[in-house]
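Would you mind keeping the following structure in view while I ask a few things?
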Amino acid sequence: MDTKQHIAIFTTASLPWMTGTAVNPLFRAAYLSIGEDRKVTLVVPWLSKRDQELVYPSNTTFVLPSQQEKYIREWLEERIGSKFNFNLQFYPGKFAVDKRSILPVGDISEIIPDDESDIAILEEPEHLTWYHHGRRWKKKFKWVVGIIHTNYLEYVKREKNGAVEAFLLEHINRWVVHIYCHKVIRLSAATQDYPKSVICNVHGVNPKFLEIGKKKMEQRQDEEQVFGKGVYYIGKMIWSKGYRELLKLLSDHQKDLAGIEVDLFGNGEDSDEVQKAARDLELSVKVHPGRDHTDPIFHDYKVFVNPSTTDVVCTTTAEALAMGKFVVCADHPSNEFFRQFPNCFLCDKSDAFVRGIFKALTEEPEPLTNVQMHELSWEAATERFLTAAELDQPLAKKPQRTRSKKFLSMSLQLGRKFDDASAYIHHVTLGFEGSRRAFGAVPGSLHPDEQQCKELGIASPSGKRGSKK
């Protein structure tokens, strides 16, 4: 008998799309698979060739899922230096251009066999369940943990009619997450609040960044020049990823920052506009194509600056700290985890950013202690996750929380009935193409198409009931 704990990690993106929900769940799967007591499966979206061309950089596309799996595993092994024993499965997905997001197609919970449906980790549970039509996650799996990655409300508020849309989205998110998750982990207090959720940063950094930081410490001990460059920022080049705040900061303090050079690195839909705004400044601000943050071009920069307030936990901030750099960022709930690091300057106003930048340029970063390096690592992040998700306890104890008191027992029963009714309403509503479209679903996302079924080797929907009108 297989006595291993089965963990299925479902996420909303996949390499080569270099986004947080592609990278962080991949590392989580790798580190959870260490040891002999767990069987881990990472479930990622498979896109048609047309959607791949819209999403993946450098014209990278795959004909078969096996080719993409090879790419993903090689990328991971190159960064960690070893192979990991986790399974990789694909679910059919479609790219929603208006949302700049990949959305699941069909009932993706079917990817995991019933006899292995112990634990499901939903990376971005609201995103994965907005349009879910299939078995209820709580019924399929014994324990469902949602990890809130994205501050969707902050993004929506910046759009036209954003206040109204954010109000509706907040309640929809709370509804679907409650229906489908037993436990909710918020990476920081910058995310939407959820009942009975816990706040815990369960992400770590690629070990390569810690290696770079150690080399910098060795160079300092040998009295070599460690940082020959000044200020930089790296991130997807869309306005909402901090570029608006950063360029406004630079514009408002051009005289104060005279003589300072700032380099921006990124690719994205707003690249042309960012470059134009940078050219209009009197400061020396150069815009470069995006690169992997481990690229040697970044090793000699001394100061990473990021005034963004849309992040939940900024991955690049953690990476910069791991490399031994100064970080100047917003005094915002998304950065609370970084307060423990002396090389991180949290600034609440624009003039404080200016002072922070000058302080960082004129002083030397403190070497990271072993404790600080461990806190940034994926080993520590995995430990935090297991505790926050209550997976450090026997699984059988999770769902059953019965009490002897009759009143509490009746309350639990009423709560379950309400949850079941609520889940039924969601299931019925999302079973019709018209209602799905009204709520913003991608057309034809109730069932995967014939081509995706063929590519994934799954049963064709032709034998199932067609989409309802």
Side-chain angles (χ1 to χ4, degrees), residues 20 148-158 162-163 166 170 186-193 199-201 203 205 230-236 238-264 266 274 277-278 281 283 285 301-366 368 372 375-376:
I148 308 297
H149 284 249
T150 307
N151 191 353
Y152 283 111
L153 300 187
E154 186 63 32
Y155 289 120
V156 170
K157 286 176 184 176
R158 297 174 179 229
E170 179 180 5
R186 300 163 58 199
L187 294 177
S188 76
T191 62
Q192 175 181 338
D193 191 16
I199 296 173
C200 184
N201 176 21
H203 288 174
V205 300
V231 182
Y232 79 109
Y233 175 63
I234 178 173
K236 185 177 181 182
I238 56 177
W239 285 117
S240 59
K241 283 293 186 181
Y243 287 94
R244 191 181 304 280
E245 293 89 342
L246 179 55
L247 288 170
K248 185 178 188 307
L249 170 71
L250 297 176
S251 177
D252 291 347
H253 295 275
Q254 293 188 78
K255 291 183 180 179
D256 300 326
L257 295 169
I260 292 178
E261 296 182 355
V262 180
D263 290 329
L264 310 180
V274 170
L281 296 173
L283 295 172
V285 179
Y301 282 96
K302 187 180 184 182
V303 184
F304 176 86
V305 61
N306 181 15
S308 173
T309 56
T310 60
D311 290 311
V312 171
V313 173
C314 183
T315 302
T316 47
T317 294
E319 293 167 351
L321 287 170
M323 288 191 281
K325 304 178 187 300
F326 277 120
V327 167
V328 183
C329 60
D331 190 353
H332 184 261
S334 62
N335 294 318
E336 188 61 31
F337 176 79
F338 304 121
R339 193 180 295 276
Q340 62 186 296
F341 299 97
N343 294 335
C344 182
F345 300 155
L346 298 175
C347 308
D348 57 352
K349 295 179 181 179
S350 61
D351 56 346
F353 268 97
V354 174
R355 292 195 299 272
I357 290 171
F358 276 108
K359 180 179 173 66
L361 288 173
T362 55
E363 297 182 3
E364 290 301 316
E366 292 187 23
L368 290 176
Q372 290 165 352
E375 280 296 294
L376 290 168

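Residues: numbered from 1 along the sequence shown.
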How many angstroms lie between NZ in Lys157 and CG in Asn151, if you round to the nearest 0.5 Å? 7.5 Å
Atom pair CG/CG of Leu249 and Asn306 - distance to nearest 0.5 Å: 11.0 Å
In this structure, OG of Ser188 is separated from CD1 of Ile148 (nearest 0.5 Å) by 11.0 Å
State, to 0.1 Å, how close Leu187 and His149 come at their nearest heavy-atom pair, and which atoms those are. CD1-CA, 3.9 Å
Yes or no on side-chain contact (heavy atoms from CB on, under 4.5 Å) for Asp263 and Val285, after CA distance, side-chain angles and deciding distance? CA-CA 6 Å; Asp263 290 329; Val285 179; over 6 Å; no
Could you tell me whether Asp193 and Arg186 make a salt bridge, using a distance below 4.0 angstrom between a side-chain N and a carboxylate O? yes
Assess whether a salt bridge exists between Glu245 and Lys248, defined as any Lys/Arg side-chain N lying under 4.0 Å from an Asp/Glu carboxylate O. no
Using side-chain contact (heavy atoms from CB on, under 4.5 Å), reason through Leu257 and Phe358 one step at a time and then give a plain yes or no. CA-CA 9 Å; Leu257 295 169; Phe358 276 108; 4.0 Å; yes
Assess the residue pair Leu376 and Phe341 against the criterion (side-chain contact (heavy atoms from CB on, under 4.5 Å)); give the C-alpha distance rounded to whole Å, side-chain angles, the decisive distance to 0.1 Å, and a yes or no. CA-CA 10 Å; Leu376 290 168; Phe341 299 97; 3.6 Å; yes
Validation row: Asp256, Asp351 side chains within 4.5 angstrom (heavy atoms): no
Identify the two heavy atoms, one from Thr309 and one from Ala330, that lie closest to each other, and give their separation to 0.1 Å. CG2-CB, 4.2 Å
Report yes if some heavy atom in the side chain of Ile357 is under 4.5 Å from a heavy atom in the side chain of Phe345; otherwise report no. no
Do the side chain of Glu366 and the main chain of Pro342 share a donor and acceptor less than 3.5 angstrom apart? no
For residues Ala166 and Leu153, report the shortest heavy-atom separation together with the two atoms involved. O-CD2, 3.5 Å
Answer whether the closest heavy-atom distance between the side chains of Glu261 and Val231 falls below 4.5 Å. no
Below 4.5 Å, heavy atoms only, C-beta onward: do Leu264 and Tyr243 meet side chain to side chain? yes
Straight-line distance of Leu246 CG to Phe353 CZ, nearest 0.5 Å: 8.5 Å
Quick one: closest heavy-atom pair of Phe337 and Glu375, and the distance? CZ-O, 3.7 Å
Contacts under 3.5 angstrom, residues 311-328 side chains, donor-acceptor by atom type, not counting sequence neighbours:
{"residue": "Asp311", "atom": "OD2", "partner": "Ser308", "partner atom": "OG", "Å": "3.4"}
{"residue": "Glu319", "atom": "OE1", "partner": "His293", "partner atom": "ND1", "Å": "2.7"}
{"residue": "Lys325", "atom": "NZ", "partner": "Phe298", "partner atom": "O", "Å": "2.6"}
{"residue": "Lys325", "atom": "NZ", "partner": "His299", "partner atom": "O", "Å": "3.3"}
{"residue": "Lys325", "atom": "NZ", "partner": "Tyr301", "partner atom": "O", "Å": "2.7"}

To the nearest 0.5 Å, atom CD1 of Ile234 lies from atom CZ of Phe304 at 7.5 Å
Atom pair CG/NZ of Leu361 and Lys302 - distance to nearest 0.5 Å: 6.5 Å
Do Arg339 and Asp331 come close enough that some side-chain heavy atom pair is under 4.5 Å? yes
For Trp239 and Leu247: C-alpha separation, side-chain torsions, deciding distance, then whether side-chain contact (heavy atoms from CB on, under 4.5 Å) applies. CA-CA 10 Å; Trp239 285 117; Leu247 288 170; 3.6 Å; yes
